[in-house]
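Bear in mind the structure is a predicted one, so any value in this text is a computation, not a measurement.
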Amino acid sequence: MTTITEDDVDQYLREHPQFLATWLLENADDDTLRVVARKFKQDALSQFTHQNGQAGKSMPAVEEKESTGSLSEDSMTIEPNEDRNLQTYRTFSKVGRNSITSMIFRKYLDGDRTRRSSVKKDLDDLKRMSEEELFMELIRDIASELDVNVLCHKILQNVSILTNSDRGSLFLVRGSRDNKYLVSKLFDVTESSTLEQSIHTEANEIIVPFGVGIAGNVALSREPINIKDVYADPRFNQEVDKKTGYRTHSILSMPIVNFEGEVIGVAQIINKISGNHEFSKQDEDLFRKYLTFCGIGITNAQLFEMSVNEFKRNQLLLHLARGMFEEQSNLEKLVQKIMLDAQDLLKCERCSVYLLDDSFQRDIMSYTSRFLNRLSSYSRTGNLVVAMQDPSNQFRQAGKGDNTSEPLRKVEDVHFSQAFELYAGKMKVLTPAEFQNSKAAFIAKITLVAAETLNIEDLTRYGGFVGHHVPEDNGFSAKSVLCMPIHNSDRTIIGVTQLINKVNGQPFDENDEHIIEAFSIFTGLGIHNCQMYENACQLMAKQSVALEVLSYHATASKEEAERIMVERIPASEDYKLYRYDFDDKLMSDDDTIKATIRMFLDANLISQFKVPYETMCRWVCTVKKNYRPVTYHNWRHAFNVCQTMFTMLYTGDLRPKFDAVEVFALMAACLCHDLDHRGTNNAFQVKVASPLAMLYSTSVLEHHHFDHCIMIINSEGNNIFQSFPPEEYRRAIKILEHAILSTDLALYFKKRGDFKSLVENGEREFLEENKKDLLKAMMMTACDVAAITKPWKIQKEIAQLVTAEFFEQGDIEKTQLGEKPIPMMDREKKDELPKMQVDFIDFICAPVYELFAKVSESLKPLNDGCQENRQHWKDMSNTMQLKTDVQKEDTHSGEKPKEDEARSEPSQQNCETYKTQPEPQDTALTSKHDQKTKEHVNAHSVGNDFKTTIYSNAHVVPHIQADVKSESKCKKTSKHVETRKSSKSSKSHFCSIS
């Protein structure tokens, strides 16, 4: 073995200067660190004065920060031109004052319980000090000590020096506030004894109740006891001397109190070495003064130890929380993890968790059931307020009775559904027979009845079993028990955590109660989340079943598709599918399906993409089936939008601008753009906080239409894109989504300006992808509001349907929500609707058709039709305004308007164009289609929210019919009627509908 010389050590330290600092920090005691720091400071000051004293410079400020207990990178940094002594002093000045703080903290956290020996004082140096200097030196010795054991050892040694006593002992207070007792921390500490020799552990500590023996009486009375002859005092236990062979002559015992005056320990010194072994009054005074500072030191050390323990507990609780969120799928695994952590946290022999019947699951399922019942009640009662109201408040109110009905009054009323036990490292799931009749389960039931923590220090003296036959737990002897109820987030008790027998044999104390209380909060959250997860899985499974059932019933049957397949599909000319003035009024529902298939056939999409004909037929039938029978936004409207798209593509010469995938997706989007429409707009959905509004933040209905479209495509036998390659399939779905969302007029307003700039700057090809997307979005809007371009006779009939649907929503807002609807939906504002109709055309419809007329001459008929209908609505508005003005004049002149007389003299010649009654041949529908035609008179345009606004004036047609006929000179007078419009206010009005 190589011998290491001092020169070797010296050379190594010179080559590694930081090693010494690190070693001293981790191993040296406080005194050594202070001496080293002081030495380097003196050397640094001397050398600095020698070098800079003549120049009048002052020494650089040395920053003395509180120690962190470790040398950080900053503290170890050496300035290149700095004196070495000053460098070293800087290092030790940062750690010398309170270096033990974080070191002990770190060691405690790392589980390192090795104790540092107390430094023995030089008695000769101490004897040369004055009493005051000696007192202060001994106080400094304990001031920075935070290890309770080292501190207590120092206290006894220093007291022996102060009082010249032979040995001493120190007891600390333990137990609850109502059951305090003393435990020997250090016993028979002499001048030469080490900490390890004197310290008492839990295995050999002496327990002294308050009021028993000398130390117990001092703790109880808080007064010192000075016994000059202990054998003459009955409180002294002579057996101790007999066992140890030591002769005790005198004892001075004094309480140690904290800043609140509470006794936290008792210190006693034995046998004064000099004289007659008796302690004088002066010894008492010194002892009392010194213990005053010792009380502060012990309190600080105990607080430090508590902070270390609290930190460890918090780490365990955080570990528990992480574990709970990691394990949510299995309740048994979660409870096992909880019990393992509880056992490790509180050091107990056995841990159990008892869970009540699954009331939580019943509550959550009941809540869900009530919510769904409220939603379904709308279709039965029409009471939308009740249907859409958040049922959580009613649930919470009803929950007073639903959760627990009445508090449990008897132990017999408690029934556990599950119980888990952890003992000797093994977890066991108890059977009902085991956990319903055991003593431990009975205590858990008592805890539930009391609904508070139950701490039984000695089970043999517990009186809770009186009057009950409780069998003993086989093979296990319970001494102390701590039970805590487990609450969920609603503060409902869902179970009990039970701990039995601390490993050290002591009963559970208040600190344990606080720990288990915090632990039970995490336990409740974990079990609650796990049950939530299990319930969510069940609800998801039920949802999957419900979707499967709904998908089956919402999907057209195979027989229906086969029936369409075998029937002849008429040519496009038979249906006039290529015409802008297309009218579906006389078509049956089957005809609309056949016409839809014909459009896809003529577009060559079925053959090009190899779509099975059965799939195509079934998809069209399914889409039709998923439109609700609302007044306007129904299958007929979707069919007409698709026909307009087909016409714009082929008659309007826009087909060359798109590839086949885009054409297929656009036509499919037109058919699906209003799927499952409820007859109300986006603003209404948000206002009533409907499930759709909670599901989607913007474009509520449009997102729902797209999702419904995807659901149909994903259902069996309805995937019209099934033959698409993956890349084309994703592209088709993306185009489909973009097209359907573009029917939200809020998005139309944002995009219209860009489209206008392109067209006015001569763009006609739209080759770039972003330009083509803009064109597709504008085409969707043009198709959606295309009813305004139809011949006046068709347009006014459609307007009646839109108006009826709008008024239905307005009626709901007035009668059930108690709100006044906007004028467009208010029956009381019907006289203002022709003017608002004109405004709507000016700001919604006309701009887009004017732009398309510039894009292609073949699209000009759309703009022409829009302008013609605008004139009709404007004439109606002028007529209504004229009538209002006449009525006002008659009212001012005191004459009563002669409406009946005016209506009896209509001028057919001048007002022929204002006839509002359809021609006899138009209304003479065949008996076969009469009823269906009345129900499905085509809804051509305008769409969700503001887009339907344009037709909400239709009810004025029959209303003003007689008035129009009575005005024989309406055209002539209409020239002089002043029409007032504000483009800004009108646009804002229509936008408010969304």
Applying salt bridge (charged side-chain N to carboxylate O under 4.0 Å, His left out), name anything that partners [X], two or more places apart in sequence or on another chain.
| X | answer |
| --- | --- |
| K687 | E813, E819 |
| D574 | R568 |
| E727 | R730 |

How would you list, by chain and number, every residue that makes a side chain to side chain donor-acceptor pair (under 3.5 Å) with [X], sequence neighbours excluded?
| X | answer |
| --- | --- |
| Y578 | D602 |
| T647 | Q643 |
| N718 | T622, S715 |
| Y696 | D707 |

Enter the distance from [X]:[atom1] to [Y]:[atom2] here, rounded to the nearest 0.5 Å.
| X | Y | atom1 | atom2 | value |
| --- | --- | --- | --- | --- |
| D811 | D826 | CG | CG | 8.5 Å |
| M825 | F806 | CE | CZ | 4.0 Å |
| C783 | M667 | SG | CE | 10.0 Å |
| K776 | H738 | NZ | NE2 | 7.0 Å |
| E560 | T555 | CD | OG1 | 11.0 Å |
| K610 | S723 | NZ | OG | 7.5 Å |

Return yes if some donor-acceptor pair links the side-chain N/O of [X] with the main-chain N/O of [Y] below 3.5 Å, else return no.
| X | Y | answer |
| --- | --- | --- |
| K624 | D590 | no |
| K790 | Y580 | yes |
| N869 | I788 | yes |
| Y748 | S742 | no |
| T803 | A799 | yes |
| E662 | D659 | yes |
| R655 | F658 | yes |
| D584 | T592 | no |

Centroid separation H637 to H673 less than 6.0 Å: yes
Basic-acidic side-chain contact under 4.0 Å: [X], [Y]:
| X | Y | result |
| --- | --- | --- |
| D754 | K751 | no |
| K576 | D581 | no |
| R678 | D676 | yes |

For [X] versus [Y], what's the shortest heavy-atom pair and its separation?
| X | Y | result |
| --- | --- | --- |
| L736 | C709 | CD2-SG, 3.4 Å |
| V630 | G679 | CG1-N, 3.9 Å |
| L577 | F646 | O-CD2, 3.7 Å |
| T789 | L862 | CG2-O, 3.2 Å |
| C621 | I564 | SG-CG1, 4.0 Å |
| S699 | N682 | CA-ND2, 4.1 Å |

field: For H633, the option from L801, D674, L701, N681 that meets side-chain contact (heavy atoms from CB on, under 4.5 Å)
entry: D674
- request: May I have the step-by-step check of side-chain hydrogen bond (donor to acceptor under 3.5 Å, both in side chains) for D591 and S588, ending in yes or no?
  value: CA-CA 5 Å; D591 285 333; S588 66; 3.1 Å; yes
- prompt: If you count the non-hydrogen atoms of other residues, nucleotides and ligands that lie under 6.0 Å from NZ in K820, is the total more than 12?
  reply: yes
field: Residue pairs fulfilling ring-ring contact (aromatic ring centres under 6.0 Å, His included) with at least one residue in residues 587-611, sequence neighbours excluded
entry: F600-F664, F609-F664, F609-F724
The criterion is side-chain contact (heavy atoms from CB on, under 4.5 Å); which residues satisfy it with [X], sequence neighbours excluded?
| X | answer |
| --- | --- |
| T698 | H703 |
| A561 | C617, R618 |
| L601 | I569, I597, R598, I606 |
| N770 | E768 |

So do the side chains of [X] and [Y] get within less than 4.5 Å of each other, counting heavy atoms only?
| X | Y | value |
| --- | --- | --- |
| Y650 | V663 | yes |
| F852 | L775 | yes |
| F749 | I844 | yes |
| V785 | Y849 | yes |

- prompt: Under 3.5 Å, is there a donor-acceptor pair linking the side chains of S607 and N604?
  reply: yes
- request: Apply the test salt bridge (charged side-chain N to carboxylate O under 4.0 Å, His left out) to residues E567 and R563: give CA-CA distance (whole Å), side-chain angles for both, the deciding distance (0.1 Å), then the verdict.
  value: CA-CA 7 Å; E567 293 189 12; R563 180 177 60 81; 3.5 Å; yes
message: Set out, in order, the CA-CA distance, both residues' side-chain angles and the distance that settles side-chain hydrogen bond (donor to acceptor under 3.5 Å, both in side chains) for Q685 and S690, then state yes or no.
response: CA-CA 5 Å; Q685 299 296 325; S690 70; 2.7 Å; yes
